[in-house]
Amino acid sequence: MIIKPRVRGSLALNCHPMGCKKIVEDQIKIAKDSKQYKGPKKVLILGASSGYGLATRISLAFGGSKSDTIGVSFEKEGTEKKVGSAGWYNNIWFKEAAEKEGLIAKNFIGDAFSHEMRKEVLEYIKDEFGGKIDLLVYSVASGVRQDPDTGIVHRSCIKPINEEFGGYTLNIQKEEIEYMSVESATEEEIANTVKVMGGEDWSHWVKTLVDEDVCNEGFKSVAYSYIGGDITRAVYRDGTIGQAKEHLEQTAVELNTLVSEKLGGEVYTSVNRAITTKASAFIPCFSIYASVLFKVMAEQGKEEPCMEHTHRLLADMIYGDSPNFDAQGRMRPDSWELTDEIQEKSVNIYNDITEENFKELCDFKLYKKYFMNLNGFEADGVDYDSDVDLEWLSTLRP
Ligand code: NAI
Ligand code: NA
């Protein structure tokens, strides 16, 4: 089968399995060629198949730490007839590369929010993973979560609170920008978004792992958060998702008390920079902001893609000697994004953007390349005219 990209609006409808392989290999090479650090031996990553979770896993396995990893993700299986999701193949290629270096790379595909998944992972840690872990990274991004106790399905939304929001959003398919206005969220929508993207599920995981005594002394857990600047403030940090992130950050403070008392370890959030991922492509105006940011950061020689950013977070901060915590105890690798200079320049460009000039004012090309790369397209050195052997691919297991 010859696979060409299919995109609807800002939603990718397919992926290129061999392109995904090349992208994973390229990221592994970045981790290997970067500063090497000594880190945790045994790691669990929730949301490990793409974006920040995958970059974290690659850095930990190939960036000096040589970590054995368990990855949990929710992905669509590839069959003999149908291409699976990008994350499905990313899991396969990561595992193949890690095992080649003698590392354990175990994948669980399913719902991280469920008690069943916690049970399965726990049993695996106890029976086959050496009994204890050193680090839990929480990088799940989802629009829906079933509460494992009540069975109620909650849906998150990305809306402003007590105000309306309007702004441009990229349409990757049409290579156009579209004006979107979003109404203020209801109380129920806020509560549901906190349920899905707040800290409740992370807390279930950490408490279960501590109660079941599968964490080593000095155990750490980190979850990823976002703040951003004025351009996205109304729809992001002051909006429904911002409420969820605040909940996540408060949960870190609670969990930190537990983990520091019991294990002499630490729990915190890391506020990461804006990048192109499957999750962030849906946030109104975020894609335009990110495209402006890429351009402004590049002009300052500070443009740092997902893999490099994540590696710096681990090598210099979490397992390095310049941790950079803020007054609320959050790790701040996003400080590069949030300097006054970068933000002022971004706002000035953003305010001048029109449907006609956006391709010149922001780095749409780079945004699109990152977006296509997420699904294995536009990778350097991949022959997209050659046949992809789905039958063979379907025999590979994550
Ligand atoms: P992503 O969409 O690339 O990755 C999400 C991961 O969660 C995937 O591995 C997916 O399989 C997994 N997942 C989704 N639902 C699941 C479920 N029910 N059970 C198990 N796994 C599930 O997203 P991204 O952007 O890497 O987001 C990860 C975290 O980083 C989020 O908390 C996000 O808010 C945060 N973040 C993202 C930024 C960005 O610009 N993309 C900036 C700063 C923080
Ligand atoms: Na992730």
Side-chain angles (χ1 to χ4, degrees), residues 11-12 23 44-58 70-77 84-91 94 107-118 120-121 137-148 153-156 158 193 196-199 201-202 204-205 222-229 232 236-237 240-242 244-249 251-252 269-283 286-287 289-291 293-294 304-307 309-310 313 330-334 337-338 367 370-371 373-375 398:
L11 178 70
I23 298 286
L44 169 59
I45 298 160
L46 304 171
S49 60
S50 62
Y52 274 123
L54 176 63
T56 301
R57 197 179 193 187
I58 289 174
I70 301 169
V72 179
S73 58
F74 193 86
E75 298 296 344
K76 201 170 96 229
E77 179 175 349
S85 56
W88 172 264
Y89 299 105
N90 291 342
N91 286 333
F94 173 84
N107 289 308
F108 287 91
I109 316 294
D111 184 9
F113 301 138
S114 69
H115 289 317
E116 291 74 27
M117 180 59 82
R118 265 187 288 280
E120 272 185 59
V121 171
V137 177
Y138 195 86
S139 188
V140 176
S142 177
V144 48
R145 169 171 172 245
Q146 179 172 39
D147 183 310
V153 174
H154 300 272
R155 282 174 204 286
S156 65
I158 299 187
T193 306
V196 178
M197 286 297 286
D201 181 58
W202 183 29
H204 279 320
W205 275 97
V222 183
Y224 294 144
S225 191
Y226 184 68
I227 295 177
T232 54
Y236 197 99
R237 193 66 200 199
T240 50
I241 182 74
K245 289 303 188 193
E246 238 161 67
H247 185 271
L248 185 82
E249 290 162 13
T251 303
T269 51
S270 169
V271 185
N272 294 355
R273 67 157 287 173
I275 54 159
T276 310
T277 64
K278 189 169 139 189
S280 69
F282 280 103
I283 303 171
F286 194 91
S287 49
Y289 166 67
S291 312
L293 185 70
F294 298 156
E304 192 184 44
C306 174
M307 188 62 231
H309 185 71
T310 309
L313 167 66
R330 303 172 296 200
M331 193 79 94
R332 299 303 300 268
D334 67 331
E337 171 181 349
L338 292 187
Y367 187 92
Y370 286 152
F371 182 86
N373 283 175
L374 294 174
N375 295 293

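Both counts, for ligands and for their atoms, begin at 1 and track the order of listing. Bear in mind that the values here come from a model prediction, so they are computed numbers and not experimental data.
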What about the rings of Tyr289 and Tyr236, do their centers lie closer together than 6.0 Å? no

Any heavy atom of Ala290 under 4.0 Å from ligand 1? The part involved is neither

Residue set satisfying side chain to side chain contact (heavy atoms under 4.5 Å, CB included) with Thr251, at least two apart, ordered chain then number -> Trp202, Ser203, His247, Leu255

Under 4.0 Å from one or more heavy atoms of Gly51, ligand 1 contributes atoms 3 (O), 26 (O)

**Prompt:** Does the N or O separation between Gly53 and ligand 1 drop below 3.5 Å for any pair?
**Reply:** no

Between the CD1 atom in Ile275 and the CZ atom in Phe294, the distance rounded to the nearest 0.5 Å is 8.0 Å

Give a yes/no verdict on whether any heavy atom in Ser225 is under 4.0 Å from an atom of ligand 1. yes

So for Ser280 against ligand 1, with non-hydrogen atoms under 4.0 Å, the contacting part is side chain

- Going by heavy atoms, is Cys306 under 4.0 Å from ligand 1? no

Between the CD1 atom in Ile241 and the CD atom in Glu246, the distance rounded to the nearest 0.5 Å is 11.5 Å

Judged by heavy atoms only, the candidate from Lys245, Met117, Gln146 nearest atom 32 (O) of ligand 1 is Lys245

* Asked: Is the closest heavy-atom distance from Tyr138 to ligand 1 below 4.0 Å?
  -> no

Notebook entry, point to check: Got an N/O contact under 3.5 Å between Ser73 and ligand 1?
Noted result: no

Atoms of ligand 1 under 4.0 Å from any heavy atom of Ser49, numbered from 1 in the order shown, are 8 (C), 9 (O), 10 (C), 11 (O)

In ligand 1, the atoms that come under 4.0 Å of a heavy atom of Phe113 are 18 (N)

In this structure, OG1 of Thr269 is separated from CG of Leu248 (nearest 0.5 Å) by 6.5 Å

Taking only non-hydrogen atoms of Ser142 and a 4.0 Å limit, the atoms of ligand 1 in range are 15 (N)

Residues Arg332 and Leu338: closest non-hydrogen pair is NH2-CD1, 3.5 Å

- request: Could you tell me whether Gly110 and ligand 1 have an N or O pair separated by under 3.5 Å?
  value: yes

Any carboxylate oxygen within less than 4.0 angstrom of a Lys/Arg side-chain nitrogen, looking at Arg330 and Glu249? yes

Sub-4.0 Å heavy-atom contact, Arg273 with ligand 1:
yes

Query raised in the report: Looking at ligand 1, does any of its N/O atoms fall within less than 3.5 Å of an N/O of Tyr226?
Result: no

To the nearest 0.5 Å, atom CG of Asn90 lies from atom CD1 of Ile58 at 7.5 Å

Checking heavy-atom distances from atom 31 (C) of ligand 1 to each of Ile45, Asn272, Val140, Ile275, the winner is Val140

When rounded to the nearest 0.5 Å, the distance separating OH of Tyr52 from CD1 of Ile45 is 15.0 Å

The side chain to side chain contact (heavy atoms under 4.5 Å, CB included) partners of Asn373 (sequence neighbours excluded) come to Ile23, Lys369, Glu378

Atoms of ligand 1 under 4.0 Å from any heavy atom of Ala48, numbered from 1 in the order shown, are 9 (O)

When Thr310, Asn272, Thr56 are each screened for side-chain hydrogen bond (donor to acceptor under 3.5 Å, both in side chains) with Tyr224, the one that passes is Thr56

So the atoms of ligand 1 within less than 4.0 Å of a heavy atom of Ala274 turn out to be 40 (O)

Lys278 heavy atoms within 4.0 Å reach ligand 1 at atoms 2 (O)

